[in-house]
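Just so we're on the same page: letters track the sequence lines, and every chain starts at 1.
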Amino acid sequence: MLEIRNLHASIEAKEILRGIDLKVNVGEVHAIMGPNGSGKSTLANVLAGRPEYQVTAGEVIYEGKDLLAMAPEIRAREGVFLAFQYPVELPGVNNTTFLRAALNEAHKHRNQPEVSAGAFLAMLKKKIQLVEMPDTLLNRAVNEGFSGGEKKRNEILQMAVLEPRLAILDETDSGLDIDALRIVAGGVNKLRSKDNAIIVVTHYQRLLNYIVPDFVHVLYNGKIVKSGDKELALELEERGYDWAKDEEVAAR
Amino acid sequence: MSETSKIREWYLSLFKDFENRLNGERSKPLHKIRRSAIDRFAELDFPNLHQEEWRFTDISPILEHSFSYAARRDDKAPSAKDVSRFMFGGMRSHTIVFVNGFYSAALSKCLQLPGNLAIGSLAEAMKTDDGQISGHISKQLDLGTDAFTALNTAFTLDGAYINVPDGAVVEDPVHILFISTGDEKLISQPRNLVITGDNSQVRFIEHYASLRTGVYFTNSVTEIEVGRNSMVDAVKVQSESAEAYHVASTVSSIGADGNYESHAVSNGARIYRHNIDVRLNGEGGNTTLEGLYLTLGEQLSDTHSLIDHAAPHCTSGEHYKGILDGKSRAVFNGKIMVRKGAQKTNSYQENRNIILSSEAKVDTKPQLEIFADDVKCSHGATVGQLSGESMFYLRSRGIGEEQAKLILIYAFASDVLKNIREDAVRSELEYVLSTRFLKGM
Ligand SMILES: Nc1ncnc2c1ncn2[C@@H]1O[C@H](COP(=O)(O)OP(=O)(O)OP(=O)(O)O)[C@@H](O)[C@H]1O
Ligand SMILES: [Mg+2]
């Protein structure tokens with residue numbers, strides 16, 4: 001479904017990603033871990049098409065197409081979804097209106113009929129139960145004044161509505177209390193299927209107890225220095241990132 | 001002779017013609033006011049860039065034309081069908097229509113009203129006036145402030161006249177529509193007068209629009225008196241032809257516990273200058289001034305406001321927003337004066353601007369003059385672009401670039417439109433926004 005080959009990316013002339021290779025098949029869950037500043041969010045944002053980043057080398061093939069050639073909105077309509085590490089507040093933009101506009105853009109793109117306001121509300125009522133979000137948040141401006149945890153739930157609600165083929169969750173667990181973590185992870189698990197794939201960026205093994213990954217990768221200084229199965233996350237928790245980095249160096 | 005003295009001579013000769021056609025009107029008290037205004041005008045210079053209040057607003061293009069009054073010709077008058085698109089679909093209102101500054105009885109329509117309430121043409125009302133009405137003309141205006149006001153006063157003839165006596169409430173809004181045909185070189189100088197007694201209420205929409213594009217000049221003055229514990233809600237919609245000039249002064253005084261709300265939305269005119277002066281004269285008065293200006297191309301929009309706290313325990317709020325594109329310019333100058341003794345004044349002011357092109361420019365300036373010590377005043381001004389972060393967030397959800405811009409512009413503008421009470425007016429303005437920015441980008 002997704003193949004990243006030798007991806008290099010910079011921001012403001014500073015190289016952040018320094019040759020990423022990653023292959024994600026449909027139905028898989030990949031976890032990406034790594035120290036602060038190693039480039040995890042950069043990778044997530046480059047995949048979503050954030051214009052501030054320049055890709056200087058490499059390619060990304062998504063469903064057989066050149067992902068990097070697509071505008072961010074086209075990627076989204078093609079089924080790529082990024083849950084932001086820091087969701088953006090949009091004062092004056094109604095949350096429900098926004099969600100429906102987003103869904104209808106995807107429908108138009110796939111030549112599906114638009115969803116009426118009534119049908120959308122009925123659908124939304126079900127989806128918010130998935131993340132146990134109070135429905136009062138639906139009539140507020142997108143993320144404006146939301147607590148940290150509410151913002152993260154709202155991201156997963158968007159994912160539930162848009163039903164992406166490839167979801168990238170950038171530290172969706174940070175800022176969530178213990179109960180919320182369980183609820184949000186439960187929501188993600190319900191959205192997990194053999195027809196989609198998920199990339200989970202996290203610092204904590206705890207999330208991976210709920211969303212069990214098929215693969216774990218360690219990103220260090222702009223490169224994937226180690227990959228393994230879910231046991232790798234446990235080992236990292238115990239031995240730290242330096243261990244993973246040193247292993248990589250030793251293996252060369 | 002310099003250009004400006006030439007144009008002054010032009011208006012002085014125009015006044016002679018005007019005066020000759022007044023006939024019997026010349027013996028009325030109002031004519032004394034006209035005469036002193038034209039004398040004042042003769043002494044005044046037109047504003048120029050060296051004057052503090054006009055520093056960023058070059059009005060010299062207005063002085064390049066010898067504007068004159070339209071001839072009243074019924075055969076060329078627009079029909080009800082021609083003006084229907086300016087009628088805020090479905091809104092029930094008292095409607096007063098002026099064409100090139102002249103009252104059109106055929107296009108106007110007032111709903112049933114109690115006898116002591118007046119809503120209509122000032123010229124019509126003046127026919128039977130023995131000084132009751134004219135006593136209010138220029139009551140609050142200092143003729144000496146600028147040439148445009150003096151010019152308007154000298155030519156005082158027609159405009160909207162609303163008089164709401166003590167205890168009366170006008171249920172339906174009053175729609176005052178000034179239509180310009182767009183014919184070249186025409187001037188119109190509406191003079192509006194709104195008087196409310198104590199414990200009364202009225203809402204009106206002062207609406208400027210044109211049938212066709214053209215270089216014409218609207219120079220208007222609106223005087224408003226808000227009685228004790230009364231409520232006046234005013235909307236101004238300025239959508240003149242983009243080649244036209246529009247200079248306006250709105251002057252109001254608010255009695256004790258009175259409330260004056262103003263919502264000024266503009267997207268028209270090549271040069272637009274709006275002076276808005278509010279004087280809080282009695283304890284417990286309140287005013288809210290909101291505005292939205294949209295400019296593009298070579299347009300210039302200038303709002304100069306003065307909120308004068310002349311009594312204690314009054315509140316004022318001012319919130320103006322601008323969206324600029326092309327090579328356009330905007331000026332916002334908000335002066336708040338708190339006089340000695342106006343204790344417990346509470347006042348805030350905010351001016352926010354979004355610039356969509358690299359060539360547009362805003363000059364914004366708060367100006368506080370505070371002579372009392374127990375007051376709360378705040379102000380803020382910003383000039384920025386659409387947030388790149390917000391744009392990316394919307395696009396990452398599948399919303400296209402154009403649509404994302406429109407959503408953010410809507411969102412930006414929405415909090416100054418949302419307090420407009422008439423749904424039909426608000427939706428029309430939202431429609432203007434959407435067509436403008438869907439096409440304009
Ligand atoms: N606009 C920018 N200008 C310069 N450097 C930037 C910019 N944005 C990000 N960086 C740098 O890129 C590097 C990678 O940042 P990134 O956000 O991808 O890290 P991360 O792995 O997600 O970290 P964290 O775990 O803290 O979220 C950091 O050193 C960061 O400072
Ligand atoms: Mg990050």
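Shown here is B:Lys365, whose NZ atom has more than 12 heavy atoms of other residues, nucleotides or ligands within 6.0 Å. Taking a 6.0 Å sphere around CZ of B:Arg92, one finds it holds 12 or fewer heavy atoms contributed by other residues, nucleotides or ligands.
Using a cutoff of 4.0 Å between basic side-chain nitrogens and carboxylate oxygens, B:Lys418 and B:Asp415 are not scored as salt-bridged.
Residues B:Asn419 and B:Glu261 have side chains that never bring a donor and an acceptor to within less than 3.5 angstrom of each other. For the residue pair B:Asn346 and B:Thr315, no side-chain donor N or O sits within less than 3.5 Å of a side-chain acceptor on the partner. In this structure, a donor-acceptor pair under 3.5 Å is absent between the side chains of B:Thr287 and B:Ser316. With 3.5 Å as the limit, one finds a donor-acceptor pair spanning the side chains of B:His263 and B:Glu290.
Using a 4.5 Å heavy-atom cut-off against chain B, the contacting residues of residues 139-157 of chain A are A:Val142, A:Asn143, A:Glu155.
For the set A:Arg77, A:Glu52, A:Glu73, A:Glu78, the entry with the most heavy-atom pairs within less than 4.5 Å of chain B is A:Glu73. Heavy-atom pairs under 4.5 Å with chain B were tallied for A:Arg75, A:Gln158, A:Glu105; the largest tally goes to A:Gln158. With chain B as partner, the option from A:Val88, A:Thr97, A:Asn45 having the largest number of non-hydrogen pairs under 4.5 angstrom is A:Val88.
Contact annotation for A:Ala48: both backbone and side-chain heavy atoms come within less than 4.5 Å of a heavy atom of chain B. Contacts of A:Arg50 with chain B are made by both backbone and side-chain atoms, with heavy-atom separations under 4.5 Å. Both the backbone and the side chain of B:Ser396 come within less than 4.5 Å of a heavy atom in chain A.
Among residue pairs with one or both ends in residues 119-132 of chain A, those qualifying as side-chain hydrogen bond (donor to acceptor under 3.5 Å, both in side chains) are A:Lys127-A:Glu163; sequence neighbours excluded.
Using bins of under 30°, 30° to 60° and over 60° for the plane-to-plane angle, the ring pair A:Phe84/B:Phe392 lands in the tilted bin.
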